[in-house]
Amino acid sequence: MSLLKRLKACRRIMTCLDENYMARALRLAEKGRYTTAPNPNVGCVLVKENKVVAEGWHVQAGSAHAEINALKQIADAQGVTAYVTLEPCSHTGKTGPCCEALIAAGVQRVVIAMQDPNPLVAGRGIKRLQAAGIEVVCGVLQQDAEVLNKGFITRMKTGLPYVRSKLAMSLDGRTAMASGESKWITSADSRVDVQRLRAESAVVLTGINTVLADDPGLNVRLDDAVKQPVRVVLDSRLQIPLTAKLLGLPGQTWVLTCSHDEQKRRPLEKAGAQVFQLKSKDGRLDLQAVMDFLGQQQINTVMVEAGATLNGALLSENLVDEWWVYMAPCILGDQGRGLFHLPAMQKMAHKRQLDMSSVRQLGSDLRLVFNTKI
């Protein structure tokens, strides 16, 4: 075998090893998916002489980062290769810069899945490692890393959260009977999946009509350790009753309004809600202002659980990134309630096209995930 062929074979072996160890780091990062907000999910694997010697992941915001948790497990990191799912930070926030910790530990090589989109990092961590003489490889399993942190990446690049809307429907596209009765259209398997989706979200958002009709809790009910999402109610005229279930549950409830009525606001705040006044549009909350506000609060991911009116408005304004549709094999009839209220949609030329990204069976149901096509 020629020298060139041997070099190519060695590179293929090295690439395969890098991908295997990075896949392990990504699985570790997933362990923090319910607890790290507003920080990204990050995993780290330390390897020496083709053996894993330590590993760690970021558990929650304000605590040690993945690299630090891994380094704590070994006394000597000289000559180690570190596999990290996100570029090590180079700035001091609630914790110190991870790139400096890797340098001080004597790490020889750092393999990174993706560059950090945070402007405070954005390549600076890589440059600092290289300046210290450390070999850096970036882009290993990058697409997998990007999927893991869609919300964080979106907020860093646009200032807006990544928005998913959950819809449950019958085979004939109905979300409830004409009377409003809707429990339960979908199976227990689908409902557990929805709980996981809630747990992965920093905010669960609904409209006042859903609160008045269903009195939802919007909290996560799983056995896993979970950071409860903030419950957000869009309530233009402050109609939410003080007896609403979500006001009495642990965690935060935010009421977003364009009302100036202090007599309604004060009792809500005494009941435990935080009330924020935003600008209006056509007599209702400006939905773009809502998303801008949530981004400013460092919200990475929003899960919408709402009715046809709010979902129709969000679709019309292109404010949802993904539609998660749970379809049950049942028929509710043509008098049932539909998915979207879109009175302006009168012609085929007005139709909205969605891109299907995945299909999965959950019990007797199908879960269809669509991306909004603008």
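For the single chain, residues carry numbers from 1 onward in sequence order.
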Side chain to side chain contact (heavy atoms under 4.5 Å, CB included) between Arg352 and Thr372, intermediate numbers included = CA-CA 9 Å; Arg352 296 297 306 273; Thr372 300; 3.8 Å; yes
In plain terms, say whether [X] and [Y] are close enough for a salt bridge, that is, a side-chain N and a carboxylate O under 4.0 Å apart.
| X | Y | value |
| --- | --- | --- |
| Asp18 | Arg109 | yes |
| Glu269 | Arg265 | yes |
| Glu305 | Arg198 | yes |

Which pair of heavy atoms, one from [X] and one from [Y], lies closest together, and at what distance?
| X | Y | answer |
| --- | --- | --- |
| Thr36 | Val59 | CG2-O, 3.6 Å |
| Met22 | Val84 | CE-O, 3.5 Å |
| Tyr83 | Ala25 | O-CB, 3.9 Å |

If we ignore angles and hydrogens, is there a donor and acceptor under 3.5 Å between the side chains of [X] and [Y]?
| X | Y | result |
| --- | --- | --- |
| Asp365 | Ser190 | yes |
| Arg155 | Asn300 | yes |
| Arg33 | Asn149 | no |
| Ser259 | Arg237 | no |

message = If we ignore hydrogens and angles and just use 3.5 Å, is the side chain of Thr301 paired with the main-chain N or O of Ala202 as donor and acceptor?
response =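 Yes, the answer is positive, given that a donor and an acceptor are paired below the 3.5 Å cut-off.
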[Y] and [X], any side-chain heavy atoms less than 4.5 Å apart:
| X | Y | result |
| --- | --- | --- |
| Cys44 | Asn69 | no |
| Leu342 | Ser316 | yes |
| Leu71 | Leu46 | yes |

Euclidean distance, [Y] [atom2] relative to [X] [atom1], rounded to 0.5 Å:
| X | Y | atom1 | atom2 | result |
| --- | --- | --- | --- | --- |
| Ile126 | Ser90 | CD1 | OG | 10.0 Å |
| Asn219 | Leu249 | CG | CG | 5.0 Å |
| Arg164 | Leu197 | CZ | CG | 6.0 Å |
| Glu200 | Lys227 | CD | NZ | 14.5 Å |
| Thr253 | Leu268 | OG1 | CG | 10.0 Å |
| Leu167 | Leu339 | CG | CG | 5.5 Å |

query = Do any pairs count as a salt bridge (Lys or Arg N to Asp or Glu O under 4.0 Å) and have a residue in residues 54-78, sequence neighbours left out, and if so which ones?
reply =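 Qualifying pairs: Arg24-Glu55.
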request  = For Val80 and Val47, run side chain to side chain contact (heavy atoms under 4.5 Å, CB included): C-alpha distance rounded to whole Å, both residues' side-chain angles, the deciding distance at 0.1 Å, then the answer.
outcome  = CA-CA 6 Å; Val80 159; Val47 177; 5.9 Å; no
inquiry  = Does Lys48 have more than 12 heavy atoms from other residues, nucleotides or ligands lying within 6.0 Å of its NZ?
reply    =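 Atom NZ in Lys48 is crowded, with more than 12 foreign heavy atoms closer than 6.0 Å.
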message = Please determine whether the number of non-hydrogen atoms from other residues, nucleotides or ligands lying under 6.0 Å from atom CD of Gln143 exceeds 12.
response =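 Open.
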ask   = What class does the angle between the rings of His65 and His58 fall in, given that below 30° is parallel, 30 to 60° is tilted and above 60° is perpendicular?
value =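 Perpendicular, since the angle between the ring planes exceeds 60°.
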key: Parallel, tilted or perpendicular, as decided by the 30° and 60° cut-offs, for the rings of Trp254 and Phe293   =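 Perpendicular.
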task = Using the side chain to side chain donor-acceptor pair (under 3.5 Å) rule, take Asp235 and Thr257 through it: C-alpha gap first, then chi angles, then the decisive distance, then the call.
result = CA-CA 5 Å; Asp235 185 3; Thr257 187; 5.6 Å; no
request  = Decide yes or no on side chain to side chain contact (heavy atoms under 4.5 Å, CB included) for Ile331 and Ser170, but give the supporting numbers first.
outcome  = CA-CA 6 Å; Ile331 305 296; Ser170 61; 5.9 Å; no
message = Test: ring pair (Phe, Tyr, Trp, His ring centres under 6.0 Å). Region: residues 304-345. Which pairs qualify, not counting sequence neighbours?
response =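 Found Trp323-Phe340.
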Verify same cluster id: Val302, Leu319 (apolar side-chain graph, 4.5 Å) =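 Yes, because Val302 and Leu319 connect within a single hydrophobic cluster, where side-chain heavy atoms sit under 4.5 Å apart.
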Qualifying residue, where the test is side-chain contact (heavy atoms from CB on, under 4.5 Å) with Pro88 and the options are Ile112, Val121, Val107 =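 Considering Ile112, Val121, Val107, a side-chain contact (heavy atoms from CB on, under 4.5 Å) with Pro88 is found only for Ile112.
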task = Begin from the C-alpha positions of Asp292 and Gln288 and carry the test side chain to side chain donor-acceptor pair (under 3.5 Å) through to its verdict.
result = CA-CA 6 Å; Asp292 290 339; Gln288 183 62 60; 3.1 Å; yes
ask   = Taking only residues two or more places apart in sequence, or in another chain, which ones meet Lys150 in a salt bridge (charged side-chain N to carboxylate O under 4.0 Å, His left out)?
value =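 Lys150 satisfies salt bridge (charged side-chain N to carboxylate O under 4.0 Å, His left out) with Glu322 only.
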